[in-house]
Amino acid sequence: MAADQPHSRPKPQPPREIPGVGAVLAVASGKGGVGKSTTAVNLALGLAALGKKVAILDADIYGPSIPRMLGLGGQTPEAVDRKITPLEAFGIKAMSMGSIIPGDEPVVWRGPMVTSALDQMLRGVTWGDLDVLVVDFPPGTGDAHLSMTQKVPFVGAVIVSTPQDIALLDAKKGAAMFEKVGVPILGWIENMSYFNCPHCGERSDIFGHGGAKHMAEETGMTFLGEIPLDIRIRKTSDDGTPIVASDPDGDHAQAYRAIAAKVAAKLG
Ligand code: ADP
């Protein structure tokens, strides 16, 4: 009978595991510029510091920033037997469109091309044995989110937001999108949560404070922790020496590692 139905469509395929990869973890935000990639990189390094085998996949095809943040600018991954060998930095593997399309060239692609590139970056890569693959999503709720969550069984998503309402509202939408497609939210991280002046020692809550914690509590989710606005985080991230790797004993690295430990506990 089904064949007689004029509009019968093929059933969507259920998400398939990636061979050798344990948990796939999404890191997402609503808005851009809230420090999601910085957080994803430092969280990945925090997980690696716990002894996990970790890789990071930059799913931001239009604005990839992971190669630069890991000091991998200018390096191109090799292809062996039609599979890409991911680059490595600070003990984690990394795959990004920014390593494939070099320099300042913009990616001007329609949705289906983005989807197929993401597929290639997920399954056409020799990941080896991994405990965790951290996927750094682009901001918003677009093609990348839908396509990835349909193809891969994500263990959960971590939502990054700054404390102000304008970021939180979009982050809430991002969280709702993941839940809608069956990916549980493991928790919220508040980035740029407060600022301690290095000169006078006074604290200022530049973007407000506590909004992400409040949002997590309001929606029955876990609050994973807060990261301050600090020039050392900005500098190390932009210089390709993320703070968890370059200053592992400092306060900020400890804050990221504490968040990583909570995430690891949730990953099981
Ligand atoms: P997103 O991925 O949300 O677009 P990025 O991680 O690219 O954001 O960060 C945007 C800018 O903010 C970068 O220059 C980064 O170094 C900086 N940044 C991120 N988090 C912090 C922080 N906690 N303190 C200071 N600067 C930060």
Side-chain angles (χ1 to χ4, degrees), residues 25-46 56-73 89-90 92 94 96-99 106-107 134-142 144-145 148 157-164 166-175 177-178 188-199 203-213 224-247 250-260:
L25 172 71
V27 178
S29 66
K31 284 215 175 302
V34 299
K36 171 192 46 65
S37 295
T38 302
T39 308
V41 162
N42 281 299
L43 173 60
L45 292 167
I56 186 161
L57 169 58
D58 187 352
D60 195 343
I61 300 287
Y62 297 116
S65 47
I66 297 298
R68 179 168 176 183
M69 287 184 180
L70 284 174
L72 294 169
F90 309 108
I92 64 172
S96 168
M97 193 45 74
S99 304
V107 173
V134 176
V135 178
D136 179 27
F137 274 86
T141 53
H145 303 74
M148 297 279 271
V158 167
I159 306 295
V160 181
S161 183
T162 45
Q164 72 274 44
I166 199 157
L168 286 165
L169 286 174
D170 282 358
K172 192 178 177 186
K173 284 187 204 158
M177 185 231 71
F178 278 102
W188 287 63
I189 299 173
E190 182 162 290
N191 190 35
M192 309 188 187
S193 189
Y194 57 91
F195 173 73
N196 283 330
C197 175
H199 306 295
R203 170 177 161 152
S204 320
D205 293 343
I206 293 180
F207 300 121
H209 180 255
K213 184 166 193 232
L224 294 165
E226 56 190 34
I227 302 291
L229 175 71
D230 191 293
I231 192 159
R232 285 169 296 164
I233 297 178
R234 208 274 306 149
K235 227 179 155 326
T236 51
S237 173
D238 294 358
D239 288 351
T241 55
I243 201 149
V244 169
S246 57
D247 183 17
D251 291 354
H252 300 324
Q254 275 178 37
Y256 282 116
R257 277 204 307 274
I259 291 173

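All values derive from a computational prediction rather than experimental measurement. Whatever order the structure lists ligands and atoms in, that order sets their numbers, starting from 1. Below, each value reflects all heavy atoms present in this structure, side chains not excepted, and no hydrogens, waters or symmetry copies.
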Is atom 25 (C) of ligand 1 less than 4.0 angstrom from at least one protein heavy atom? yes
Between OG1 of Thr162 and CE of Met192, what distance do you get to the nearest 0.5 Å? 7.0 Å
How does Asp230 reach ligand 1, if at all, at less than 4.0 Å between non-hydrogen atoms: by side chain, backbone, both, or neither? backbone
Using a 4.0 Å heavy-atom cut-off, which part of Asn191 comes near ligand 1: side chain, backbone, both, or neither? side chain
Nearest protein heavy atom with distance in Å, relative to atom 2 (O) of ligand 1: Ser37 N, 2.8 Å
Enter the distance from Glu226:CD to Ser193:OG here, rounded to the nearest 0.5 Å. 3.5 Å
With a heavy-atom distance limit of 4.0 Å, tell me whether Ser237 approaches ligand 1 through its side chain, its backbone, both, or neither. side chain
How far is atom 17 (C) of ligand 1 from its nearest protein heavy atom, and which residue and atom is that? Arg234 CG, 3.8 Å
closest protein heavy atom to atom 8 (O) of ligand 1 is Gly35 N, 3.0 Å
Please identify which atoms of ligand 1 are closer than 4.0 Å to at least one heavy atom of Leu229. 24 (N), 25 (C)
Counting only heavy atoms not in Asp239, do more than 12 fall under 6.0 Å of its CG? yes
Give me the nearest non-hydrogen protein atom to atom 4 (O) of ligand 1 as residue plus atom name, then the distance to 0.1 Å. Gly33 N, 2.8 Å
N/O separation below 3.5 Å, Tyr256 to ligand 1: no
So, taking the atom named CG in Asp205 and the one named CD in Gln164, what distance separates them when rounded to the nearest 0.5 Å? 12.0 Å
Ligand-residue contact atoms, ligand 1 with Met69, heavy atoms, under 4.0 Å: 5 (P), 6 (O), 7 (O)
Would one find an N or O of Lys36, backbone or side chain, under 3.5 Å from an N or O of ligand 1? yes
Check each atom of ligand 1 against the heavy atoms of Ile233 and keep those under 4.0 Å away; list them by number with element. 21 (C), 22 (C), 23 (N), 24 (N)
Proximity to ligand 1 by part of Ala40, non-hydrogen separation under 4.0 Å: neither
What is the distance from atom CD1 of Ile56 to atom CZ of Phe90, rounded to the nearest 0.5 Å? 12.5 Å
Checking the side chain of Asn191 only, and the main-chain atoms of Lys36 only, is there a donor and an acceptor separated by less than 3.5 Å? no
As an exercise, state the distance from OG of Ser37 to CG of Leu70, rounded to the nearest 0.5 Å. 10.0 Å
How close do Gly208 and Pro163 get, counting heavy atoms only, and between which atoms? O-CG, 3.3 Å
Per-atom filter on ligand 1: closer than 4.0 angstrom to a heavy atom of Pro228 are 22 (C), 23 (N), 24 (N)
Please report the closest heavy-atom contact between Val134 and Ala40, naming both atoms and the distance. CG1-O, 4.2 Å
Check whether any N or O atom of Asp238, backbone or side chain, sits under 3.5 Å from an N or O atom of ligand 1, and answer yes or no. yes
Would you say Ser29 contacts ligand 1, with heavy atoms under 4.0 Å as the rule? no
NZ-OG distance between Lys172 and Ser161, expressed to the nearest 0.5 angstrom: 12.0 Å
With a 4.0 Å heavy-atom cut-off (strictly under), which part of Lys235 contacts ligand 1: side chain, backbone, both or neither? neither
Out of Glu226, Arg232, Met192, His252, whose heavy atom is nearest to atom 27 (C) of ligand 1? Met192
Shortest non-hydrogen contact from Ala260 toward Leu43: CA-CD1, 3.6 Å
So, regarding Ile231 and ligand 1 (criterion: nitrogen or oxygen to nitrogen or oxygen, under 3.5 Å), is there a contact or not? no
Looking only at non-hydrogen atoms, find the nearest pair between Asn42 and Pro242 and report the distance. OD1-CB, 3.5 Å
